[in-house]
Peer 1: 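This is the structure I want to talk about, given as structure tokens.
The first residue of the sequence shown is numbered 1, and numbering continues consecutively from there.
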Amino acid sequence: MVEIIKANIYDHTILTEITKKSKAYWGYSNEQMEEWSDLLTIKEEYIKNNEIYKLLIDNSTVAYYSFFSINENTVKLDNLFVLPDEIGKGYGKLLMNDFIFIVKKNKTKRIILDADPNAQKFYESFGFSNIGQVETSIKDRFLPIMELKI
């Protein structure tokens, strides 16, 4: 059975595991992953302060997304990660559709996100467009800033 439910503070360990494994899937070096370790750690405080939904398959968490409001019209999709063994099975699409449904229900008019360059095409498939870029800790590497107007 597949279901999407709200995460709770006790999910911080599995969410961190999913985040780190999913990020490593794209071939980043061990050194780079170590440098990002704290940034990729989902803490209980983060779960308390943001909207986080996890995707369960037979009661096992395999993916999640998180977002927060910037103002009454704009939300930021902060994370969307799927365990590597589950990538390509449509779970990312399922999460994005769930996320967009929730924010539309809340009368949001705009979604923004900073995309990993490897995920840019995924977001474009949902209608997001590139509106800028932000520099990362890797020299000469930038994350696309993307937007979807609803």
Peer 1: Restricting to pairs with a member in residues 97-121, which pass ring-ring contact (aromatic ring centres under 6.0 Å, His included), not counting sequence neighbours?
Peer 2: Y65-F99, F67-F99
Peer 1: Which heavy atom of I111 sits nearest to which heavy atom of I150, and what is that distance?
Peer 2: CD1-CD1, 3.6 Å
Peer 1: Do NZ/NE/NH1/NH2 and the carboxylate oxygens of E51 and K6 come within less than 4.0 Å?
Peer 2: yes
Peer 1: For N130 and P144, work out which heavy atoms get closest and say how close.
Peer 2: ND2-CB, 3.7 Å
Peer 1: Heavy atoms, side chains only, cut-off 4.5 Å: are M33 and L40 in contact?
Peer 2: yes
Peer 1: For the OG1 atom of T19 and the CG atom of L83, what is their distance to the nearest 0.5 Å?
Peer 2: 9.5 Å
Peer 1: Minimum heavy-atom separation for N73 and T108, please, with both atom names.
Peer 2: O-CG2, 3.4 Å
Peer 1: With rounding to the nearest 0.5 angstrom, report the CD1 to CG distance, I18 to L80.
Peer 2: 11.0 Å
Peer 1: Which ILVMFWY residues can you reach from L143 by hopping between side chains whose heavy atoms are under 4.5 Å apart?
Peer 2: I131, V134, I145
Peer 1: Output the distance between atom OG (S129) and atom CD (Q120), rounded to the nearest 0.5 Å.
Peer 2: 10.0 Å
Peer 1: Is it true that I5 and F81 fall in one hydrophobic cluster, defined by side-chain heavy atoms closer than 4.5 Å?
Peer 2: no
Peer 1: Test: salt bridge (Lys or Arg N to Asp or Glu O under 4.0 Å). Region: residues 25-36. Which pairs qualify, not counting sequence neighbours?
Peer 2: none
Peer 1: How does the hydrophobic cluster around M1 look, that is, which other residues are in it when side-chain heavy atoms under 4.5 Å mark a link?
Peer 2: none
Peer 1: Just jot down the side chain to side chain donor-acceptor pair (under 3.5 Å) partners of S66, sequence neighbours excluded, or say none.
Peer 2: Y46, N79
Peer 1: Quick check: do L55 and E86 have side-chain heavy atoms less than 4.5 Å from each other?
Peer 2: no
Peer 1: What distance separates E72 CD from N106 CG, expressed to the nearest 0.5 Å?
Peer 2: 12.5 Å
Peer 1: Would a hydrophobic clustering, with Ile, Leu, Val, Met, Phe, Trp and Tyr connected at side-chain separations under 4.5 Å, put I42 with I4?
Peer 2: yes
Peer 1: Which residue pairs pass the ring-ring contact (aromatic ring centres under 6.0 Å, His included) test when at least one of the two sits in residues 11-44, sequence neighbours left out?
Peer 2: Y28-W36
Peer 1: How long is the span from the CD atom in E3 to the CG atom in D58, to the nearest 0.5 Å?
Peer 2: 9.5 Å
Peer 1: Mind checking what makes salt bridge (charged side-chain N to carboxylate O under 4.0 Å, His left out) contact with D114, not counting sequence neighbours?
Peer 2: K76
Peer 1: Suppose we screen for side chain to side chain contact (heavy atoms under 4.5 Å, CB included). Which residues come up paired with N30, at least two apart in sequence or across chains?
Peer 2: none
Peer 1: Grouping I, L, V, M, F, W and Y whenever their side-chain heavy atoms are under 4.5 Å apart, do Y53 and L94 come out in a common cluster?
Peer 2: yes
Peer 1: Between E124 and M146, is any pair of side-chain heavy atoms under 4.5 Å apart?
Peer 2: yes
Peer 1: State which residues pass salt bridge (charged side-chain N to carboxylate O under 4.0 Å, His left out) with K104; sequence neighbours excluded, sorted by chain then number.
Peer 2: none
Peer 1: Which pair of heavy atoms, one from A7 and one from L15, lies closest together, and at what distance?
Peer 2: CB-CD1, 4.2 Å
Peer 1: Could you walk me through whether M96 and L77 pass side-chain contact (heavy atoms from CB on, under 4.5 Å), step by step?
Peer 2: CA-CA 10 Å; M96 275 301 293; L77 179 62; 3.7 Å; yes
Peer 1: Who pairs with K43 by salt bridge (charged side-chain N to carboxylate O under 4.0 Å, His left out), at least two apart in sequence or on another chain?
Peer 2: D38
Peer 1: Roughly how far apart are D98 CG and K93 NZ, rounded to 0.5 Å?
Peer 2: 14.0 Å
Peer 1: Is I102 linked to V2 within one hydrophobic cluster, defined over Ile, Leu, Val, Met, Phe, Trp and Tyr using a side-chain heavy-atom separation of less than 4.5 Å?
Peer 2: yes
Peer 1: Do you reckon I112 sits in the same ILVMFWY cluster as F68, going by side-chain contacts under 4.5 Å, direct or chained?
Peer 2: yes
Peer 1: Between I9 and I47, what is the shortest heavy-atom contact and its length?
Peer 2: N-CG2, 3.8 Å
Peer 1: Can you list everything that forms a side chain to side chain donor-acceptor pair (under 3.5 Å) with Y123? Sequence neighbours excluded, please.
Peer 2: none
Peer 1: Just to verify, what does D11 make a salt bridge (charged side-chain N to carboxylate O under 4.0 Å, His left out) with, not counting sequence neighbours?
Peer 2: K54
Peer 1: Could you tell me whether K23 atom NZ has more than 12 heavy atoms of other residues or ligands within 6.0 Å of it?
Peer 2: yes
